[in-house]
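Taking it in order: structure first as structure tokens, then the write-up.
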Amino acid sequence: EVSHVNINDLFRLLRRFRFLAIGGGLLVMILGTSVALSSPDRYASSATVTADPPIVGGTLGPVGNIDFLIPQYLAHLQSRSLGDKAQATLPESIQHAPITVVSSGEAGTGIIDIQVTSTDQDAVAPWANALANALIITSDKKFATLKLIDEPTRPTQPYAPNRTLSLVITLLIAVSVAILSVIIAAALRARRDGAAEIRERFGIRVIAEIPTLPRRIATLEPAHLAAN
């Protein structure tokens, strides 16, 4: 029953402060929608490289060395020197494309994943391929043999942003803002609208109201009030 009354109160407040609720919710919807629709599409492409122990004299080298080398390869992929070597092999049209490189390695497998993301759809695959080849060329063959096993491909659609999810979240925030705004407005007007509240909720005519004395006056002794 308490929950039913609270819901009724909420709907009553929404009706009473409907313009405030609509205005606040609409403002959030406009801002959220503009951000969601104006965000540029981002594309991603990945290359996979394997690191295998070298074969020396017909004998496979120590497998444990690979796990030790993987972190070094990942750090090398983030270095400026390797990026410059990869850039030099690319067409001039995409050499300066804004890209982000994320590399990862799986322990015990010798697999290195190189992912390149960008707002340039045509740049991600060539950059991922160039970085993979630059890593292979610059690696020391004495400790490991690197090989490209999964070449990057040109993405056909963006991976981000998820505009549908963004719009759903914006709608939820807009509804929350609308509800919160009417609750705050009702709390701020509670003292002034006491009589109107009683009439609206209970249908009772208010004959008179007793004003609230300021705290300074309310704390004075009756004798002092009479003297003044």
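Just the heavy atoms: all of them, side chains too, but no hydrogens, waters or symmetry mates, feed the values below.
- Within the 4.5 Å cutoff, the side chain of Leu26 has no heavy atoms near those of the Val28 side chain.
- Taken together through direct or relayed side-chain contacts under 4.5 Å among Ile, Leu, Val, Met, Phe, Trp and Tyr, Leu69 and Leu148 form part of one hydrophobic cluster.
- In this structure, NE2 on His76 lies 3.5 Å from OG1 on Thr138, to the nearest 0.5 angstrom.
- Residue Ala88 comes nearest to Gln95 through the heavy atom pair O-NE2, 4.3 Å, listed as atom of the first residue, atom of the second, then distance.
- Two residues are said to be in side-chain contact when any heavy atoms from C-beta on lie closer than 4.5 Å; Leu82 and Ser79 meet this criterion.
- In the hydrophobic clustering of this structure, Ile173 does not group with Leu167; members are Ile, Leu, Val, Met, Phe, Trp, Tyr whose side-chain heavy atoms approach within less than 4.5 Å, directly or through other members.
- In this structure, Thr119 and Pro98 have side chains that are in contact, with non-hydrogen atoms separated by less than 4.5 Å.
- Between Leu27 and Leu31 the shortest side-chain heavy-atom distance falls below 4.5 Å.
- Counting heavy atoms from C-beta outward, Pro155 and Val124 have side chains that approach closer than 4.5 Å.
- In this structure, Arg80 CZ and Gln87 CD are separated by 8.0 Å, a value rounded to the nearest 0.5 Å.
- Contact annotation: the side chain of Asp113 approaches that of Ser46 to within less than 4.5 Å [non-hydrogen atoms, C-beta and beyond].
- Hydrophobic clustering of Ile, Leu, Val, Met, Phe, Trp and Tyr side chains at less than 4.5 Å, counting indirect connections, unites Val177 with Ile169.
- Listed for the Gln115 side chain is no donor-acceptor partner under 3.5 Å among the backbone atoms of Ser103.
- Using modelled atom types, one side-chain atom of Asn133 and one backbone atom of Asn129 make a donor-acceptor pair closer than 3.5 Å.
- Summarising the geometry, atom CD1 belonging to Ile183 is positioned 11.0 Å from atom CZ belonging to Phe17; distances are rounded to the nearest 0.5 Å.
- With no hydrogens or angles considered, a side-chain donor-acceptor pair links Thr117 and Arg42 at under 3.5 Å.
- The shortest heavy-atom contact between Ser181 and Leu20 is O-CD2, 3.6 Å.
- With Trp127 contributing its side chain and Ile94 its backbone, the two residues share a donor-acceptor pair below 3.5 Å.
- Ile22 and Ile30 are members of different hydrophobic clusters when ILVMFWY side chains are connected at heavy-atom separations under 4.5 Å.
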Walk me through whether Tyr73 and Ser139 qualify under side-chain contact (heavy atoms from CB on, under 4.5 Å). CA-CA 8 Å; Tyr73 293 143; Ser139 64; 4.1 Å; yes
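- Here the closest non-hydrogen pair linking Arg163 and Ala36 is NE-O, 3.1 Å.
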Determine, step by step, whether Asn162 and Thr164 satisfy the side-chain contact (heavy atoms from CB on, under 4.5 Å) criterion, reporting the C-alpha distance in whole Å, the side-chain angles of both residues, the deciding distance to 0.1 Å, and the verdict. CA-CA 6 Å; Asn162 189 335; Thr164 302; 3.8 Å; yes
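- Between Arg154 and Asp122 the shortest heavy-atom distance is NE-OD1, 2.7 Å.
- The minimum heavy-atom distance between Ile137 and Lys141, with the atom names listed, is O-NZ, 3.6 Å.
- Remark: of the listed residues Leu90, Thr89, Asp120, Leu90 is the sole one forming a side-chain contact (heavy atoms from CB on, under 4.5 Å) with Pro126.
- Leu135 is not connected to Ile111 by any chain of hydrophobic side-chain contacts under 4.5 Å among Ile, Leu, Val, Met, Phe, Trp and Tyr, and they are in different clusters.
- Residue-environment remark: CD (Gln72) exceeds the threshold of 12 foreign heavy atoms within 6.0 Å.
- Pairing each heavy atom of Ala21 with each of Leu14, the nearest pair is CB-CD2, 4.2 Å.
- Side-chain contact between Thr48 and Ile112 is absent, with no heavy-atom pair separated by less than 4.5 Å.
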Run the side-chain contact (heavy atoms from CB on, under 4.5 Å) test on Ile114 and Val49 for me, step by step, so that the C-alpha distance in whole Å, both residues' side-chain angles and the decisive distance to 0.1 Å come before the verdict. CA-CA 8 Å; Ile114 306 168; Val49 175; 4.2 Å; yes
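- The main-chain N or O of Thr145 is never found under 3.5 Å from a side-chain atom of Lys147 such that the two would form a donor-acceptor pair.
- For the pair Asp41 and Pro161, the minimum side-chain heavy-atom distance is below 4.5 Å.
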